[in-house]
Amino acid sequence: MESSLTKVGLWFALLVLSILAVAGAQDSGFAVHMWIFAAVAFGGMWITAARYDPLARVQGIFHMPTDPTRYDDDPIRWGVIATMFWGTAGFLAGLFIALQLAFPALNFEPYLNFGRVRPLHTSAVIFAFGGNALIATSFYVVQRTCRARLAFPALARFVFWGYQLFIVLAASGYLMGVTQSREYAEPEWYVDIWLTIVWLSYAAVFIGTIVRRHEPHIYVANWFYLAFILTVAMLHVVNNLAVPVSFLGSRSYSAFAGVQDALTQWWYGHNAVGFFLTAGFLAMMYYFVPKQAERPVYSYRLSIIHFWSLIFLYIWAGPHHLHYTALPDWAQTLGMVFSVMLWMPSWGGMINGLMTLNGAWDKVRTDPIIRMMVMALAFYGMSTFEGPMLSIKSVNSLSHYTDWTIGHVHSGALGWNGMITFACVYYLVPRLWKRERLYSLRMINWHFWLATIGIVFYAASMWVAGITQGLMWREYGADGYLVNSFADTVSALHPMYLMRAFGGLLYLSGFVIMLVNVWKTIAGCIRVEVPMSDAAFDPEKDRPIATNRAAVSGAAIPAE
């Protein structure tokens, strides 16, 4: 009883402080965000006082009967559902801004213009869709590989809900124009502080679970998750050092200036890619690929070499974003050299993942989840070859500031991050909700092909667009003047922008199929369909013979 009263008192205090902040707000954006805090505080106070569990209303979706001696999977289920929700928002925003570039009339001022929706899209797909997938899978993996329940279960729930609040604050801020204008770090100072609190809580839960493990060995996936958590915390704090104009306002000035500010930003920006979008997702690969293939990792020794070389080299690669700028030439060269060196450990990880399928390559034909994992690894390999190539100064002089960079980023994000996330969610859903198998394997196959073809349209069109831009921008006439105006290049790119939007539509269509598949699986439905296998054909009955392939259906789950 005393504990409940204390919680109600804390929620009430937060409510009062939020309302006072609204009253003294220096701008409308800050006031809106304080109203959001007030709404959260009021909801928390009411739920605590009434002892009401809103999630209990949908018990079968958010909660499952659990044995207290087994794993704590509720936050993981929430994370999977949040991943699907924010993925929908992020992919829709991406298609919308792609159409805005092809049809400028779709820029609706002021809240839905390209400048405000674009950071909404990048943050939604990276931090909302990808971030929730990383948090959910890390909580799943660390418990299974350590044979221990999550440490600090209440803090684990705070991490989930606190992270959703961060996403809402960031997204609403972008649409209102509340932004630091820093790539992948747009939220303002008070939102950054909130994320720091949430992220340190996340680190405490993850590290605490490792400390209390019953398995003496720390599996390599946990090393990658740990590098992702700790490095992102360091990057976030340093890059977002700022001085607020007012403690009751949303504006601030960076603690750095000029070329130092640019270098800090791209030290953060490239390592957000390196540790958030690479190290974290490699952790997913190192656990879920062996589990789905039912094969051990090809070379555990190679995975350790992959880990240490990757985290040592990646942290130095950021200056390659600043070639031909005021950054000292030695720093530009340093970034280029370390970027080229990154190709070797990156391909070591790709090879390790692909070679894990030794003896199980037949599953690529019969198991669409494995097929997605293989495609993800292929795109990881392609992107980690293209990235070092683009960091070379002579190549960079053509590619930088063009849509070639956009094609590079999206081939990695859609092909590597998207595909491996889809595969992991398909793996998790039947296990988390205790279902025999997924609703439909053939729908996964449709998703795979729509996503793959969508990426090809997207990336290929942007590669062509980028090279076209680079060549047109550097074309001089006999009189020494530029041949093409900027408007000429924009006009030339219109067909490629239409192809890019079409590719995004295909990718989104595949994701919609996934939404239906996941929802039906959670609801307990199983679609009657012919197995995706090399089933024998019965010539007398003129139909394939239905065979029971447990490994394909997902019914045969390796012991955990």
Nearest 0.5 angstrom please: His408 NE2 to Phe385 CZ, how far?
12.0 Å

Establish, from distance only, whether the side-chain atoms of Asn445 and Arg371 form a donor-acceptor pair under 3.5 Å.
yes

Pairs meeting criterion side chain to side chain donor-acceptor pair (under 3.5 Å) with involvement of residues 120-133, two or more places apart:
Ser123-Tyr174, Asn132-Gln164

Using a distance-only test with no angle check, is there a side-chain donor-acceptor pair under 3.5 angstrom linking Asn271 and Thr231?
no

Which atoms form the tightest heavy-atom contact between Asp261 and Arg182, and what is the distance?
OD1-NH1, 2.9 Å

Report yes if the side chains of Thr196 and Asn240 come closer than 4.5 Å at any heavy-atom pair, otherwise no.
no

Are any side-chain N or O atoms of Thr278 and backbone N or O atoms of Phe275, one a donor and one an acceptor, separated by less than 3.5 Å?
no

Does Phe158 have its ring centroid less than 6.0 Å away from the ring centroid of Trp194?
yes

Any chance the side chains of Tyr507 and His410 put a donor and an acceptor closer than 3.5 Å?
no

Between Ala133 and Thr83, the two heavy atoms sitting closest are N-OG1, 3.2 Å

When you compare the side chains of Tyr202 and Ser138, does any donor N or O come within less than 3.5 Å of an acceptor on the partner?
yes

Would you say CZ of Phe256 has more than 12 non-hydrogen atoms from neighbouring residues, nucleotides or ligands within 6.0 angstrom?
yes

Parallel, tilted or perpendicular, as decided by the 30° and 60° cut-offs, for the rings of Trp223 and Trp308
tilted

Could you grab the distance from atom CG of Asn517 to atom OG1 of Thr521, nearest 0.5 Å is fine?
5.0 Å

Measure the shortest side-chain to side-chain distance between Arg213 and Val142 over non-hydrogen atoms and say whether it is less than 4.5 angstrom.
no

Apply side-chain contact (heavy atoms from CB on, under 4.5 Å) to residues Val374 and Met419 and explain how you reach the verdict.
CA-CA 9 Å; Val374 170; Met419 287 290 207; over 6 Å; no

To the nearest 0.5 Å, how far apart are CG in Leu432 and CD1 in Ile76?
6.0 Å

What class does the angle between the rings of Tyr163 and Trp199 fall in, given that below 30° is parallel, 30 to 60° is tilted and above 60° is perpendicular?
tilted

Mind checking the CG-CD spacing from Asp73 to Gln143? Nearest 0.5 Å is all I need.
5.5 Å

Is the centre of the Phe127 ring less than 6.0 Å from the centre of the Phe276 ring?
yes

With a 4.5 Å cut-off on side-chain heavy atoms, are Pro75 and Val159 touching?
no

Working note: Thr48 + Leu10, criterion side-chain contact (heavy atoms from CB on, under 4.5 Å); need CA distance, chi angles, decisive distance, verdict.
CA-CA 11 Å; Thr48 304; Leu10 291 173; over 6 Å; no

If you compare all heavy atoms of Cys146 against all heavy atoms of Asn222, which two are closest, and at what distance to 0.1 Å?
SG-ND2, 4.0 Å

Verdict with supporting geometry, Glu188 and Ser252, side chain to side chain donor-acceptor pair (under 3.5 Å)
CA-CA 7 Å; Glu188 272 289 358; Ser252 64; 2.7 Å; yes

Stepwise side-chain contact (heavy atoms from CB on, under 4.5 Å) check, Arg144 with Tyr219:
CA-CA 10 Å; Arg144 270 73 183 175; Tyr219 184 62; over 6 Å; no

Any side-chain heavy-atom pair from Leu357 and Arg295 closer than 4.5 angstrom?
no

Closest heavy-atom contact between Ala221 and Val141?
CB-CG1, 4.1 Å

Any side-chain heavy atom of Trp11 sitting closer than 4.5 Å to one from Leu15?
no

Report yes if some heavy atom in the side chain of Gln292 is under 4.5 Å from a heavy atom in the side chain of Lys363; otherwise report no.
no

Please check if the side chain of Thr356 supplies one atom and the backbone of Tyr298 the other of a donor-acceptor pair under 3.5 Å.
yes

Aromatic contact between Phe448 and Phe422, with the criterion being ring centroids under 6.0 Å apart: yes or no?
no

Is there side-chain contact between Val429 and Arg435, with at least one heavy-atom pair below 4.5 Å?
no

Report the distance from atom CE of Met34 to atom CD1 of Ile19, rounding to the nearest 0.5 Å.
12.5 Å

Which value, rounded to the nearest 0.5 Å, describes the distance between Ile229 atom CD1 and Leu134 atom CG?
9.0 Å

Residues forming a side chain to side chain contact (heavy atoms under 4.5 Å, CB included) with Leu302, sequence neighbours excluded:
Ser299, Asn352

Name the orientation class of the two ring planes belonging to Trp416 and Tyr380 (parallel below 30°, tilted from 30 to 60°, perpendicular beyond 60°).
tilted

Regarding Tyr225 and Thr137, is there a side-chain donor-to-acceptor distance under 3.5 Å anywhere?
yes

If I compare all heavy atoms of Asp72 with all of Pro153, which pair ends up nearest, and what's the gap?
OD2-CB, 3.7 Å

Quick one: does any side-chain atom of Thr209 pair with a main-chain N or O of Ala151 as donor and acceptor, under 3.5 Å?
yes

Ring geometry between His270 and Tyr314 (parallel below 30°, tilted from 30 to 60°, perpendicular above 60°):
tilted

Is there a donor-acceptor pair under 3.5 Å between the side chain of Glu186 and the backbone N or O of Gln180?
no

Assess the residue pair Leu165 and Trp161 against the criterion (side-chain contact (heavy atoms from CB on, under 4.5 Å)); give the C-alpha distance rounded to whole Å, side-chain angles, the decisive distance to 0.1 Å, and a yes or no.
CA-CA 6 Å; Leu165 177 57; Trp161 292 110; over 6 Å; no

Candidates Tyr184, Trp266, Tyr268 - the one meeting ring-ring contact (aromatic ring centres under 6.0 Å, His included) with His321:
Trp266

Does Trp189 have more than 12 heavy atoms from other residues, nucleotides or ligands lying within 6.0 Å of its CH2?
yes

Hey, does Phe379 have a side-chain heavy atom less than 4.5 Å from the side chain of Leu414?
no

Would you say Gln265's side chain and Glu183's backbone share a donor-acceptor pair under 3.5 angstrom?
yes

Would you call the rings of Tyr286 and His306 parallel, tilted or perpendicular if under 30° counts as parallel and over 60° as perpendicular?
tilted

What one should report as the nearest heavy-atom pair of Val289 and Gly353 is CG1-O, 4.0 Å

